[in-house]
Peer 1: 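One structure is given below, represented as structure tokens, and several questions about it will come after.
Only a predicted model underlies this, so the values are computations on that prediction, with no experimental measurement involved. Note that ligands are numbered from 1 as they come in the structure, with each ligand's atoms numbered from 1 the same way. Residue numbers run from 1 in the order of the sequence given.
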Amino acid sequence: MDVSIVIPVYNEEESIPELSEWIEKVCTEARYKFEIIFVDDGSSDSSWKIISTLSAQKKFIKGLRFRRNYGKAAALYTGFAEATGETVITMDSDLQDSPDEIPELVRMIREDGFDLVSGWKKKRYDPFVKRFTSKIYNGTARFFSGIKLHDFNCGLKAYRNDVVKSIEVFGEMHRYIPILAKEAGFRKIGEKVVEHRARKYGVTKYGLDRFMKGYLDLLTIGFITRFGKSPMHLFGALGTMMFIIGFVMAGYLGVRKIIFVNQQLRAPLVTESPYFYIALTVMIIGTILFLTGFLAELVNRNSTIRNNYLIKDKVNI
Ligand code: UDP
Ligand code: MG
């Protein structure tokens, strides 16, 4: 199989027939052996009926269906697991991404040796708020990850097959797949300007909460990429630092008290000084941070994906 096209679908009944016809046309012209994998993310319209009817007519159309709406990331992850093509393409099902981009994306993976090529919707047909916040996220994501992409969350992307098998996209992390890929050791990440179109049918599946969630996920990613493997390096350092500060403060108060008493001066109560309370608080916070670090390390030990996907090639094994 040359190309697998993975398409998450959530209530997109009007677009599916048009989209699959268009993809068929492009892929047939390019002479690919290809498959289209529709992942129905718990649609409540007739999306699944349409997918199953189409798949009965054309054997390159495959479908998976979730029991309920799990989200785009889960849909992509499940589609990835089924993808057999050397190159895997993802695209949205709402006709906002153009299948005409597929051949060039495939060429970049095959011939230019990219692990991942992300689309860049340079000219976007989206509401102003979305374009604006998207700029901020992309800037921040670039800064944290060091990946020079303009449009991390473009639905249209191309991957080498082993990339999609090595990353676990969950929650709403589909926004930051390039960062996950880089984390997994795939460093050759490219970009291609792609045509973006206005939504033809249906409505967007995300509300305003996407902005808050996107921002929180970005923080998570920033944290995980830096300290995910060894959280103690962060929490332990902070905790120790705070504990030492508190300890020195308390120590100072204690020593002062002893000196005063020794010289038979009237010693103020340790609890009279505001530093006593500050010292207490700082030591408590330090201890909490430290324990958090230990707990995080324990959680890490139980993670099933801890040492997966490390190996790239093997000989004589
Ligand atoms: N989608 C999905 N599950 C969801 C939400 C969206 O599979 O819970 C799909 C949706 O059908 C579309 C793609 O993800 O193919 C992008 O969604 P949408 O077009 O609503 O997002 P936008 O273009 O507004 O960012
Ligand atoms: Mg869309």
Side-chain angles (χ1 to χ4, degrees), residues 4-23 36-51 54 61-83 88-99 101-102 118-138 141 149-157 164 169-178 194-215 217-218:
S4 300
I5 298 144
V6 175
I7 306 179
V9 176
Y10 185 45
N11 294 339
E12 312 275 6
E13 53 186 3
E14 304 97 331
S15 318
I16 299 169
E18 200 173 321
L19 181 66
S20 62
E21 247 170 62
W22 191 354
I23 294 175
I36 305 179
I37 304 174
F38 284 108
V39 186
D40 179 353
D41 184 12
S43 299
S44 51
D45 64 358
S46 62
S47 293
W48 180 249
K49 233 181 99 198
I50 294 171
I51 293 169
L54 285 175
I61 295 184
K62 307 178 178 180
L64 290 162
R65 182 192 197 182
F66 286 172
R67 220 173 289 284
R68 65 166 172 84
N69 179 236
Y70 279 98
K72 188 176 175 183
L76 289 175
Y77 180 68
T78 318
F80 286 164
E82 297 298 328
V88 179
I89 303 271
T90 59
M91 62 194 302
D92 289 355
S93 48
D94 54 2
L95 290 166
Q96 288 196 272
D97 301 323
S98 159
E101 310 283 355
I102 294 176
S118 178
W120 171 14
K121 298 163 285 189
K122 200 166 180 180
K123 179 152 177 37
R124 281 180 83 152
Y125 295 88
D126 278 320
F128 172 77
V129 219
K130 196 169 150 195
R131 277 177 297 161
F132 178 73
T133 34
S134 170
K135 279 223 163 73
I136 298 177
Y137 288 160
N138 282 308
L149 286 183
H150 292 89
D151 191 0
F152 279 79
N153 186 22
C154 185
L156 182 55
K157 286 190 172 62
V164 302
V169 202
F170 59 93
E172 301 211 351
M173 291 299 176
H174 60 272
R175 297 199 178 89
Y176 304 110
I177 291 183
V194 295
E195 183 203 351
H196 188 234
R197 299 138 52 89
R199 209 179 224 285
K200 195 163 168 188
Y201 308 104
V203 290
T204 175
K205 303 301 177 304
Y206 296 100
L208 280 179
D209 59 341
R210 66 144 50 119
F211 300 121
M212 193 60 199
K213 289 180 180 164
Y215 164 72
D217 284 347
L218 188 56

Peer 1: Under a 4.0 Å threshold between the charged nitrogen and the carboxylate oxygen, would Glu12 count as salt-bridged to Lys205?
Peer 2: yes
Peer 1: What's the shortest distance from atom 17 (O) of ligand 1 to any protein heavy atom, and which residue and atom give it?
Peer 2: Tyr206 CE1, 3.8 Å
Peer 1: Check for a donor-acceptor pair, side chain of Asn69 on one end and backbone N or O of Gly42 on the other, with a separation under 3.5 Å.
Peer 2: no
Peer 1: Distance-only, no hydrogens or angles: does the Asp151 side chain make a donor-acceptor pair with backbone N or O of Ser118 under 3.5 Å?
Peer 2: no
Peer 1: Heavy atom under 4.0 Å from ligand 1: found in His196's side chain, backbone, both, or neither?
Peer 2: neither
Peer 1: Any side-chain heavy atom of His196 within less than 4.5 Å of one from Asp126?
Peer 2: yes
Peer 1: Looking only at heavy atoms, is any part of Val9 under 4.0 Å from ligand 1, and if so is it the side chain, the backbone, or both, or is it neither?
Peer 2: backbone
Peer 1: Can you tell me if Met91 has a non-hydrogen atom under 4.0 Å from ligand 1?
Peer 2: no
Peer 1: Under 2.8 Å from the Mg ion (ligand 2), is there any N, O or S atom belonging to Thr204?
Peer 2: no
Peer 1: Identify the protein heavy atom lying closest to atom 19 (O) of ligand 1, giving its residue, its atom name and the separation to 0.1 Å.
Peer 2: Asp94 OD2, 2.6 Å
Peer 1: Using a plain distance cutoff, I'd like to know if Lys205 has any nitrogen or oxygen under 3.5 Å from a nitrogen or oxygen of ligand 1.
Peer 2: yes
Peer 1: Flag this pair as yes if the NZ/CZ of Arg199 is under 6.0 angstrom from the six-membered ring centre of Tyr201 and inside a 45 degree cone about the axis; otherwise no.
Peer 2: no
Peer 1: A side-chain contact here means heavy atoms from C-beta on lying under 4.5 Å apart; do Glu101 and Met91 qualify?
Peer 2: no
Peer 1: Looking only at atom types and distance, does a side-chain atom of Asp92 sit under 3.5 Å from a main-chain N or O of Gly155, one as donor and one as acceptor?
Peer 2: no
Peer 1: Considering Asp97, Asp92, Leu76 one by one, which has a heavy atom nearer to atom 13 (C) of ligand 1 than any of the others?
Peer 2: Asp92
Peer 1: What residue and heavy atom of the protein are closest to atom 1 (N) of ligand 1, and at what distance?
Peer 2: Tyr10 CB, 3.8 Å
Peer 1: What are the atoms of ligand 1, with element, lying closer than 4.0 Å to any heavy atom of Asp41?
Peer 2: 2 (C), 3 (N), 4 (C), 7 (O), 8 (O)
Peer 1: Hey, which atoms in ligand 1 end up nearer than 4.0 Å to a heavy atom of Arg210?
Peer 2: 21 (O), 22 (P), 24 (O), 25 (O)
Peer 1: Check Asp94 and report its N/O/S atom nearest to the Mg ion (ligand 2), by atom name.
Peer 2: OD2
Peer 1: Nearest heavy-atom pair of Ala73 and Gly171: which atoms, and what distance?
Peer 2: CB-O, 3.2 Å
Peer 1: To which of Lys72, Gln96, Lys130, Arg199 does the heavy atom nearest atom 18 (P) of ligand 1 belong?
Peer 2: Arg199
Peer 1: Pairs of nitrogen or oxygen atoms closer than 3.5 Å, one from Pro8 and one from ligand 1: do any exist?
Peer 2: yes
Peer 1: Do Trp48 and Phe38 come close enough that some side-chain heavy atom pair is under 4.5 Å?
Peer 2: no
Peer 1: With the side chain counted from C-beta on, respond yes when Tyr215 and Thr133 share a heavy-atom pair under 4.5 Å apart, and no when they do not.
Peer 2: no
Peer 1: Could you see which bit of Glu12 sits under 4.0 Å from ligand 1, with heavy atoms only: side chain, backbone, both or neither?
Peer 2: side chain
Peer 1: Around atom 24 (O) of ligand 1, find the nearest protein heavy atom and jot down its residue, atom name and distance.
Peer 2: Thr204 OG1, 2.6 Å
Peer 1: Please state whether the rings of Phe132 and Phe128 are parallel, tilted or perpendicular, taking 30° and 60° as the class boundaries.
Peer 2: parallel
Peer 1: Relative to the heavy atoms of Asn69, which atoms of ligand 1 are at a distance of less than 4.0 Å?
Peer 2: 3 (N), 4 (C), 8 (O)
Peer 1: Looking at ligand 1, is there an atom of it that comes within less than 4.0 Å of some heavy atom belonging to Gly71?
Peer 2: yes
